[in-house]
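Let me begin by presenting the structure, written as structure tokens, before commenting on it.
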Amino acid sequence: MLLHAMQTSCIYRRRRPRRWIQAALVWVLGTCALSSVPAWADPSKSAPALTAPQPLVQVPATYPDLALGSRKEARVVVLATVATSGEVTAVEVSESAGEPFDGAALAAARAWRFAPAQSDGKPIESQVQIPFLFHAPTPAPEPPAPPVTPPVTPAGDPPKESGAVATEAAAQAGRSSTPIAPPADVEAADAAGSTPEPGHGKASFSTTVTGKRLPPASRGAADFHVEVGALSAVPRKNASEVLKLVPGILLTNDGSEAHADQVFLRGFDAREGQDIEFSVGGVPINESGNLHGNGYSDTHFILPELVAALRVIEGPFDPRQGNYAVAGSADYELGLSQRGIVGKFSAGNFGTFRALLLWGPRGAREGTFAAVELYETAGFGQNRDGRRATVMAQYEGKSGAHLYRITAQAYIASFHSAGVLREDDVRSGRLGFFDTYDPKQGADTGRYSLSGLLESRVASLLVRNQVYAIARPMRLRENFTGFLLDTQEPTQSLHAQRGDLIDLQSMAGTLGARGFARLSADILHQTQEIEVGYFARGDLVGNSQHRLEAATGNPYATESDLESRLGDIGLYVDFNLRPYRYIALRGGVRADLFTYDVLDKCAVQSVAHPSRQDPPGDASCLSQQDFGKYREPIQRSTTTGSAVMPRASLILGPLWGISAAISYGQGVRSIDPYYITQDAKTPFASAQSIDAGLSFSRRIGPIDLSLRTTFFQTRVDRDLIFSQTAGRNLLSNGTTRIGSASAARVTGSFFDMSTNLTYVHATFDDTGLLIPYVPDWVFRFDGSLFGELPWQKLRIRGKAFRGTLATGFTYVSPRPLPQGERSNPIAVMDLNATVGIWLFEVGVVATNLFDVQYRLGEYNYASDFGSQPFPTLVPMRHFSAGAPRQILFSFSVQLGGGR
Amino acid sequence: MKNASQWHAAVFVLACAAGCGDTTGGARVGFAVAAAGPSDATGSALSYISALGYQVTITRARLYIGALYLNQTVPTSGAQETGCIRPGIYVAQVTSSLSVDALSPQAQPFPTRGEGIASEAKAGELWLTGGDVQRIEDNTVIVDAAGTAQSGAQIYPFEARLTIGRNRLIPSMDPAYPGTNPICKQRIVSLIPTDLTPQEGGTLLVRIDPRRWFDTVDFSLVPKVQDSPALYRFSNGNDNPADLSLFNNGVRARTGAYSFSWQPAM
């Protein structure tokens with residue numbers, strides 16, 4: 001049986017330096033923090049060597065008493081998960097002979113001990129297949145033999161494949177002459193492990209080193225490839241919160257759980273993703289042409305349990321990054337390490353329940369899974385009820401030199417939202433902290449996608465192609481200003497303020513493909529690579545935005561009605577050159593051509609000299625021009641724009657575990673179709689970033705320790721600033737950000753800790769004033785303790801309870817607000833605790849553990865919600881309430897488990 | 001919680017050390033607001049000769065101010081007033097009402113403080129309404145004035161009790177522009193030129209000069225409602241030229257009748 005091994009890590013470790021040098025350099029790093037990601041300066045970039053797990057203790061299975069009468073022979077294959085400690089942490093039957101043979105085999109397999117598999121000398125988790133062959137015992141069976149400890153047979157370097165490493169490690173072991181009695185012979189196999197040959201006193205097994213695809217070559221200190229690992233236990237409501245594992249992330253949400261989170265990344269108010277290129281498994285999430293924000297990215301359709309890894313590049317430093325990669329990019333890698341079926345039901349306060357079903361077919365790759373989620377909540381405070389359903393399924397297989405993957409996803413959600421409150425109304429007691437002005441606010445969204453990927457390797461050429469199709473309906477209803485914007489126009493009938501509730505509808509269809517060809521060659525005794533890739537995407541988007549009358553909910557004005565056909569084709573070339581083992585030069589250039597074909601179906605909204613015979617009245621979209629001359633209310637505009645974006649990174653090291661890098665890159669955000677005019681040059685927002693950083697990564701005893709710090713500067717020529725009155729982003733002037741980010745991760749056999757800290761100074765170029773809403777300081781800590789509970793009395797039939805205690809803590813310093821003010825700080829802690837045994841696990845999750853009453857978002861602008869006798873027209877403080885403490889209890893059961 | 005607050009404070013101090021002394025510019029401010037008659041008023045009657053030659057003596061002059069606002073918008077001669085909430089940024093507001101004795105030079109405080117931003121204001125607005133500025137029906141007496149006007153031997157004892165409601169509604173004559181004259185436009189005295197920047201702790205003073213109200217009024221056109229003693233009463237409608245003159249050229253005059261000034265905090 002040929003089983004693959006995909007490498008888990010690109011950590012490259014060299015000989016240990018003298019400790020005083022280490023200490024001195026770490027001290028010099030100063031604020032250098034522990035990194036939550038593998039080191040990014042691997043000297044060879046090629047796949048690191050894998051070492052198969054080696055059996056240290058083999059325990060034979062006992063021929064079951066219940067089968068003695070039949071004296072039948074049986075064969076059971078057990079799939080065992082070997083932890084980094086060498087212990088078998090999970091077992092499952094992959095080839096059954098029925099009970100009681102399966103039980104006997106599982107019991108024996110649990111007692112095996114291994115020298116763990118290694119990647120570049122670092123222990124990694126692996127899976128081992130152990131075949132047991134049961135022979136009927138002799139009439140006078142001997143007592144079972146004690147465990148044997150065979151010598152360890154080192155494995156050679158595994159073959160390399162597809163940018164990852166596939167390996168089959170079959171080790172000869174069990175050379176003890178100790179008889180196995182009653183002998184359930186451990187099946188012997190040849191090195192390939194594919195031809196079982198019954199025999200005695202020999203054991204053979206095949207292994208699968210579990211893990212992920214080798215990530216693309218790092219682009220320096222700003223390139224974070226995060227394996228979620230044990231930190232998946234940290235409470236996270238959605239996939240966006242996984243982003244907090246990288247520095248500088250703040251998430252807010254003035255909408256609802258069906259509304260994209262507002263993402264702040266390293267000094268960027270990226271709004272709902274407009275300045276970050278989001279993707280999942282290579283499939284774009286950003287919605288081109290979305291009227292709420294060009295590049296709007298709602299990640300709520302991603303189940304956080306399926307996020308195996310996350311790659312965030314904080315800046316435009318990789319030629320693969322495309323449109324919207326102004327602040328950077330984030331790519332979610334899906335996977336489910338748990339095999340079998342897991343059912344989980346959670347319920348808690350605010351009428352919240354969640355049902356989750358995860359399925360990882362046994363024997364299939366981690367990239368093969370299916371998951372279903374149902375969620376409903378009454379929500380805290382007023383008007384925060386909602387419900388959603390999510391289905392995600394993916395099949396990943398390999399055939400010869402071809403890897404293929406098919407992913408399907410469907411998601412629907414409907415939530416109400418409370419929106420923002422005026423601080424003065426809350427302080428005066430007119431409104432409660434969790435109340436709402438307008439109960440008509442909310443969102444109804446969906447997302448349906450299908451993608452396929454094919455990757456092939458021919459000698460030193462790796463070729464990958466991916467196609468995808470996405471359908472995305474969305475409706476948002478938001479009211480930021482109350483009764484302020486419905487001004488009386490001379491052509492309108494007399495009216496009072498009817499309400500500012502925005503009703504935005506969007507329906508987007510996307511077809512796209514991306515791919516690359518990567519050629520590798522050994523030159524100068526180093527692996528050199530060149531990659532040529534493409535990105536193609538077409539979007540057909542229909543958007544409209546109306547204002548709804550507060551009293552009736554009827555639309556009284558059309559603000560926009562756009563139908564957009566958008567195209568984006570990008571080409572890039574990327575070099576990964578290593579002239580010397582400690583020097584890597586990575587980079588290239590990317591060019592994108594954007595096309596816009598925008599039909600404005602409400603192009604005429606006012607006329608200076610309207611017809612007296614046919615006055616426009618209250619209609620929003622007019623069919624006349626001056627003096628009543630007829631015209632269609634539509635206007636089509638087409639234009640194109642192109643951008644060429646060079647990107648490069650120079651990486652030195654690692655020496656003594658320390659690497660240094662400097663990166664430069666340019667990125668663009670395509671223009672909102674709202675601003676398109678015929679043949680006018682497309683005004684891109686263009687960003688230039690430079691980043692320099694240091695990292696340190698080593699294994700110190702049983703602990704993996706990594707530190708990273710980086711300094712950056714980014715300049716954007718046309719930034720986006722959110723306008724509460726328009727309900728959308730508006731173009732602003734140039735901005736510059738200077739700052740530093742540090743990250744850290746410490747991982748051991750029973751703990752996993754990650755922390756990061758970011759400081760940024762973001763200013764407008766013309767005035768030198770701070771950019772509002774961007775936090776100066778963001779601190780985040782994630783920690784998880786896990787393992788078997790140590791208390792003997794808690795064991796049941798010798799089986800220990802396993803437990804997890806995980807916490808996440810976020811601190812955001814007071815953010816600058818317009819009018820020279822600062823927001824309140826945010827400090828919130830979440831906690832998750834689970835206890836499990838056998839197939840079962842119970843847990844409790846507390847978000848906002850200390851029930852801190854905090855303001856998630858704070859803004860200064862003018863609004864009038866009618867809370868005072870006369871209109872309130874000057875900028876006032878508004879906020880969206882952070883969630884109070886929520887406690888969810890969960891129960892889960894795992895069937896056919898193992899990894 | 002005390003420890004948490006201290007911890008927050010410590011972190012904030014650290015943050016400030018790294019640059020939070022920078023700002024987004026401007027500031028939100030709170031300030032006192034008062035209204036008064038002209039500075040040369042004595043607290044009793046005001047006498048003057050109007051532009052039409054009347055010797056006018058005002059013995060009662062009260063103005064009901066619903067709210068007042070300051071705007072960054074620069075008044076433009078001939079600019080068409082459209083909506084009641086103007087474009088541009090409002091820098092100050094007082095959303096409480098006050099009935100002002102316009103014969104008193106003493107500052108009469110509004111019941112609530114004003115609020116705004118520390119930004120230069122170029123135009124002021126007085127909202128002369130008893131409630132919703134868009135509601136047509138409103139019986140609040142906005143102007144309550146009395147006095148005498150003399151032209152030669154003719155004496156006109158007068159009084160004016162003006163409301164702004166349906167009586168001031170101006171129907172649109174052009175079907176293409178049915179919304180040209182919303183009632184709020186009758187109630188808002190807008191684009192009163194000013195030049196001040198609100199600051200925290202200061203006082204915004206609105207001075208009202210009732211002499212300007214009657215400056216262009218031809219009292220001979222005011223209806224006589226009583227013979228003995230004689231009394232002329234403004235009709236409180238748009239159907240009388242004297243009333244229109246009082247209302248449009250006097251009470252709603254952009255210049256002369258009202259002025260804003262700023263008194264810094266002491």
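Chain naming here is simple, since letters A, B, ... match the order of the sequence lines and numbering starts at 1 in each.
For A/Y859 and A/F879, the gap between ring centers reaches or exceeds 6.0 Å.
Between chain B and the options A/Q613, A/H609, A/R877, the largest number of non-hydrogen pairs under 4.5 Å is found for A/R877. In terms of non-hydrogen atom pairs under 4.5 Å with chain A, the most contact-rich of B/A118, B/A27, B/S97 is B/A27. Between chain B and the options A/L769, A/T487, A/D614, the largest number of non-hydrogen pairs under 4.5 Å is found for A/L769. Here A/L873 is the residue among A/T491, A/L494, A/L873 with the most heavy-atom pairs under 4.5 Å with chain B. Taking A/G617, A/P875, A/P818 one by one and counting their heavy-atom pairs under 4.5 Å with chain B, the maximum is reached by A/P875.
Within 6.0 Å of CG on B/N139 lie no more than 12 heavy atoms contributed by other residues, nucleotides or ligands. Within 6.0 Å of the CZ atom in A/R430, the count of heavy atoms belonging to other residues, nucleotides or ligands exceeds 12. Shown here is B/R161, whose CZ atom has no more than 12 heavy atoms of other residues, nucleotides or ligands within 6.0 Å.
Residue A/T872 touches chain B through both its backbone and its side chain, counting heavy-atom pairs closer than 4.5 Å. Looking at B/T129, the atoms closer than 4.5 Å to chain A (heavy atoms on both sides) sit in the backbone and in the side chain alike. Both the backbone and the side chain of A/E821 come within contact range of chain B, with heavy atoms under 4.5 Å apart.
In the model, A/S863 has no side-chain atom that pairs as donor or acceptor with a side-chain atom of A/T481 under 3.5 Å.
Taking the side chain as every heavy atom from C-beta outward, B/S119 and B/Q72 approach each other to under 4.5 Å.
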